[in-house]
Amino acid sequence: MGVSGSGKSTVGGLLAQRLKVPFLEADDLHPATNRAKMAAGRPLDDEDRRPWLLALADWIREATDSGQGGVMACSALERAYRDLFRRAGAGVWFLHLALDRATADQRVAGRVGHFMPARLVDSQYAALEPLRPDEPGMTVDAEAEPQAIVDEAANAVRAIR
(Lines give C-alpha, C1' and ligand atoms only; values in the text may rest on other atoms or scores of the structure.)
Protein backbone atom coordinates (compact mmCIF):
# COMPACT_ATOMS: atom_id res chain seq x y z
CA MET A 1 0.00 0.00 0.00
CA GLY A 2 1.04 3.59 -0.47
CA VAL A 3 0.67 6.65 -2.61
CA SER A 4 1.33 6.67 -6.31
CA GLY A 5 5.04 6.45 -7.03
CA SER A 6 5.91 4.61 -3.81
CA GLY A 7 7.01 1.49 -5.67
CA LYS A 8 4.02 -0.77 -5.01
CA SER A 9 4.15 -2.48 -8.40
CA THR A 10 7.89 -3.02 -8.34
CA VAL A 11 8.07 -4.25 -4.75
CA GLY A 12 4.83 -6.22 -5.01
CA GLY A 13 5.94 -8.05 -8.14
CA LEU A 14 9.31 -8.91 -6.61
CA LEU A 15 7.70 -10.03 -3.34
CA ALA A 16 5.22 -12.26 -5.17
CA GLN A 17 8.11 -13.88 -7.05
CA ARG A 18 10.01 -14.40 -3.81
CA LEU A 19 7.00 -15.95 -2.07
CA LYS A 20 5.98 -17.88 -5.20
CA VAL A 21 2.41 -16.59 -5.15
CA PRO A 22 0.21 -14.81 -7.72
CA PHE A 23 0.56 -11.05 -8.15
CA LEU A 24 -2.19 -8.54 -8.91
CA GLU A 25 -1.64 -4.94 -9.91
CA ALA A 26 -4.86 -3.44 -8.53
CA ASP A 27 -4.81 -0.65 -11.13
CA ASP A 28 -5.48 -3.33 -13.76
CA LEU A 29 -8.99 -3.78 -12.34
CA HIS A 30 -9.94 -0.10 -12.53
CA PRO A 31 -12.80 0.39 -14.98
CA ALA A 32 -12.06 2.60 -17.98
CA THR A 33 -14.21 5.37 -16.48
CA ASN A 34 -11.97 5.53 -13.40
CA ARG A 35 -8.82 5.62 -15.50
CA ALA A 36 -10.24 8.38 -17.68
CA LYS A 37 -11.29 10.42 -14.65
CA MET A 38 -7.82 10.18 -13.10
CA ALA A 39 -6.11 10.87 -16.43
CA ALA A 40 -8.18 14.06 -16.60
CA GLY A 41 -6.72 15.08 -13.23
CA ARG A 42 -9.84 14.42 -11.17
CA PRO A 43 -9.48 12.25 -8.05
CA LEU A 44 -11.81 9.31 -7.57
CA ASP A 45 -14.51 9.43 -4.92
CA ASP A 46 -15.85 6.50 -2.92
CA GLU A 47 -18.65 5.91 -5.42
CA ASP A 48 -16.05 5.56 -8.19
CA ARG A 49 -13.94 3.24 -6.06
CA ARG A 50 -16.69 0.96 -4.77
CA PRO A 51 -16.89 -1.54 -7.69
CA TRP A 52 -13.09 -1.58 -7.91
CA LEU A 53 -12.67 -2.24 -4.19
CA LEU A 54 -15.26 -5.03 -4.32
CA ALA A 55 -13.42 -6.63 -7.26
CA LEU A 56 -10.17 -6.46 -5.28
CA ALA A 57 -11.88 -8.03 -2.25
CA ASP A 58 -13.11 -10.83 -4.53
CA TRP A 59 -9.53 -11.45 -5.69
CA ILE A 60 -8.37 -11.59 -2.07
CA ARG A 61 -11.18 -14.01 -1.21
CA GLU A 62 -10.27 -16.30 -4.12
CA ALA A 63 -6.55 -16.17 -3.29
CA THR A 64 -7.31 -17.01 0.33
CA ASP A 65 -9.83 -19.75 -0.46
CA SER A 66 -7.38 -21.40 -2.86
CA GLY A 67 -4.83 -21.66 -0.07
CA GLN A 68 -2.24 -20.15 -2.38
CA GLY A 69 -2.42 -16.55 -1.18
CA GLY A 70 -1.09 -13.70 -3.22
CA VAL A 71 0.41 -10.23 -3.33
CA MET A 72 -1.60 -7.24 -4.49
CA ALA A 73 -0.19 -3.79 -5.24
CA CYS A 74 -2.91 -1.35 -4.21
CA SER A 75 -2.91 2.14 -2.74
CA ALA A 76 -5.28 1.07 0.09
CA LEU A 77 -4.93 4.60 1.43
CA GLU A 78 -7.88 4.56 3.80
CA ARG A 79 -8.42 2.34 6.82
CA ALA A 80 -11.95 1.51 5.61
CA TYR A 81 -10.53 0.00 2.40
CA ARG A 82 -8.02 -2.06 4.37
CA ASP A 83 -10.81 -3.22 6.68
CA LEU A 84 -12.77 -4.41 3.63
CA PHE A 85 -9.72 -6.34 2.43
CA ARG A 86 -9.15 -7.93 5.86
CA ARG A 87 -12.78 -9.09 5.95
CA ALA A 88 -12.31 -10.66 2.50
CA GLY A 89 -9.55 -13.05 3.54
CA ALA A 90 -7.88 -14.38 6.63
CA GLY A 91 -4.27 -13.37 7.10
CA VAL A 92 -4.33 -10.18 5.02
CA TRP A 93 -1.16 -8.25 5.86
CA PHE A 94 -0.11 -4.80 4.62
CA LEU A 95 3.25 -3.43 3.61
CA HIS A 96 3.06 0.37 3.67
CA LEU A 97 5.65 1.90 1.38
CA ALA A 98 6.03 5.32 3.01
CA LEU A 99 7.38 8.06 0.78
CA ASP A 100 7.80 11.80 1.15
CA ARG A 101 5.71 14.01 -1.09
CA ALA A 102 8.59 15.53 -3.06
CA THR A 103 9.92 12.11 -4.04
CA ALA A 104 6.43 10.90 -4.97
CA ASP A 105 5.92 13.99 -7.13
CA GLN A 106 9.24 13.42 -8.86
CA ARG A 107 8.61 9.71 -9.49
CA VAL A 108 5.08 10.21 -10.81
CA ALA A 109 6.13 13.11 -13.03
CA GLY A 110 8.83 10.89 -14.55
CA ARG A 111 6.46 8.08 -15.54
CA VAL A 112 5.69 7.48 -19.17
CA GLY A 113 2.31 6.12 -20.27
CA HIS A 114 0.67 5.89 -16.83
CA PHE A 115 -2.86 7.23 -16.34
CA MET A 116 -2.11 8.79 -12.93
CA PRO A 117 -0.96 12.41 -13.38
CA ALA A 118 1.40 14.05 -10.89
CA ARG A 119 -1.23 16.63 -9.96
CA LEU A 120 -3.24 13.89 -8.17
CA VAL A 121 -0.44 13.07 -5.73
CA ASP A 122 -1.71 15.76 -3.34
CA SER A 123 -5.14 14.10 -3.21
CA GLN A 124 -3.48 10.80 -2.31
CA TYR A 125 -1.62 12.35 0.60
CA ALA A 126 -4.85 14.02 1.73
CA ALA A 127 -6.57 10.61 1.81
CA LEU A 128 -3.65 8.63 3.27
CA GLU A 129 -4.32 7.02 6.63
CA PRO A 130 -1.06 5.30 7.61
CA LEU A 131 -1.19 1.84 9.12
CA ARG A 132 -2.28 1.90 12.74
CA PRO A 133 -0.72 -0.28 15.44
CA ASP A 134 -3.76 -2.60 15.47
CA GLU A 135 -3.45 -3.33 11.73
CA PRO A 136 -1.40 -6.33 10.64
CA GLY A 137 1.57 -5.19 8.62
CA MET A 138 4.61 -2.97 8.65
CA THR A 139 5.77 0.38 7.31
CA VAL A 140 9.04 0.75 5.42
CA ASP A 141 10.91 3.61 3.78
CA ALA A 142 9.99 3.45 0.10
CA GLU A 143 13.27 5.14 -0.83
CA ALA A 144 15.16 1.98 0.16
CA GLU A 145 16.29 -0.36 -2.58
CA PRO A 146 13.37 -2.54 -3.71
CA GLN A 147 15.29 -5.76 -3.04
CA ALA A 148 16.02 -4.66 0.54
CA ILE A 149 12.32 -3.92 1.06
CA VAL A 150 11.42 -7.33 -0.36
CA ASP A 151 13.93 -9.06 1.94
CA GLU A 152 12.47 -7.31 4.99
CA ALA A 153 8.86 -7.97 3.97
CA ALA A 154 9.47 -11.62 3.05
CA ASN A 155 11.09 -12.22 6.43
CA ALA A 156 8.15 -10.58 8.21
CA VAL A 157 5.58 -12.56 6.23
CA ARG A 158 7.39 -15.86 6.85
CA ALA A 159 7.53 -15.09 10.57
CA ILE A 160 3.74 -14.84 10.79
CA ARG A 161 2.96 -17.91 8.67
Tell me whether [X] is salt-bridged to [Y], with the criterion being a basic N under 4.0 Å from an acidic carboxylate O.
X: Asp122; Y: Arg101; value: yes
X: Arg79; Y: Asp83; value: yes
X: Glu25; Y: Lys8; value: no
X: Arg50; Y: Asp45; value: no

Could you tell me whether a side-chain N or O of [X] sits under 3.5 Å from a main-chain N or O of [Y], the two making a donor and an acceptor?
X: Gln124; Y: Ser4; result: yes
X: Arg35; Y: Asp27; result: yes
X: Glu135; Y: Arg132; result: yes
X: Ser6; Y: Val3; result: yes
X: Asn34; Y: Asp48; result: yes
X: Thr64; Y: Ile60; result: yes
X: Arg61; Y: Gly89; result: no

Tell me, with the steps shown, if Leu131 and Met138 meet side chain to side chain contact (heavy atoms under 4.5 Å, CB included).
-> CA-CA 8 Å; Leu131 280 180; Met138 65 188 284; 5.7 Å; no
Do the side chains of [Y] and [X] get nearer than 4.5 Å, heavy atoms only?
X: Ile149; Y: Leu15; result: no
X: Met1; Y: Leu77; result: no
X: Tyr81; Y: Arg49; result: yes
X: Val92; Y: Arg87; result: no
X: Phe94; Y: Cys74; result: no
X: Asp151; Y: Arg18; result: yes
X: Pro130; Y: Leu128; result: yes

Nearest atoms (heavy-atom pairs only) where [X] meets [Y]:
X: Ser66; Y: Ala63; answer: OG-O, 2.9 Å
X: Val150; Y: Val11; answer: CG2-O, 3.8 Å
X: Ser75; Y: Trp52; answer: OG-CH2, 4.2 Å
X: Trp59; Y: Gly70; answer: CH2-CA, 3.9 Å

CA sep, side-chain torsions, deciding dist, call: Leu24, Leu29, side chain to side chain contact (heavy atoms under 4.5 Å, CB included) | CA-CA 9 Å; Leu24 175 68; Leu29 295 187; 3.9 Å; yes
Evaluate the side chain to side chain contact (heavy atoms under 4.5 Å, CB included) criterion for residues Phe85 and Met72: first the C-alpha distance (whole Å), next the side-chain angles of each, then the deciding distance (0.1 Å), finally the verdict.
-> CA-CA 11 Å; Phe85 296 158; Met72 178 173 66; 3.9 Å; yes
Tell me yes or no: between the side chains of Asp100 and Tyr125, is some donor less than 3.5 Å from an acceptor?
->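 Side-chain D/A pair, Asp100 to Tyr125: absent.
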Walk me through it: do Glu152 and Leu95 pass the test side chain to side chain contact (heavy atoms under 4.5 Å, CB included)?
-> CA-CA 10 Å; Glu152 187 175 356; Leu95 176 63; over 6 Å; no
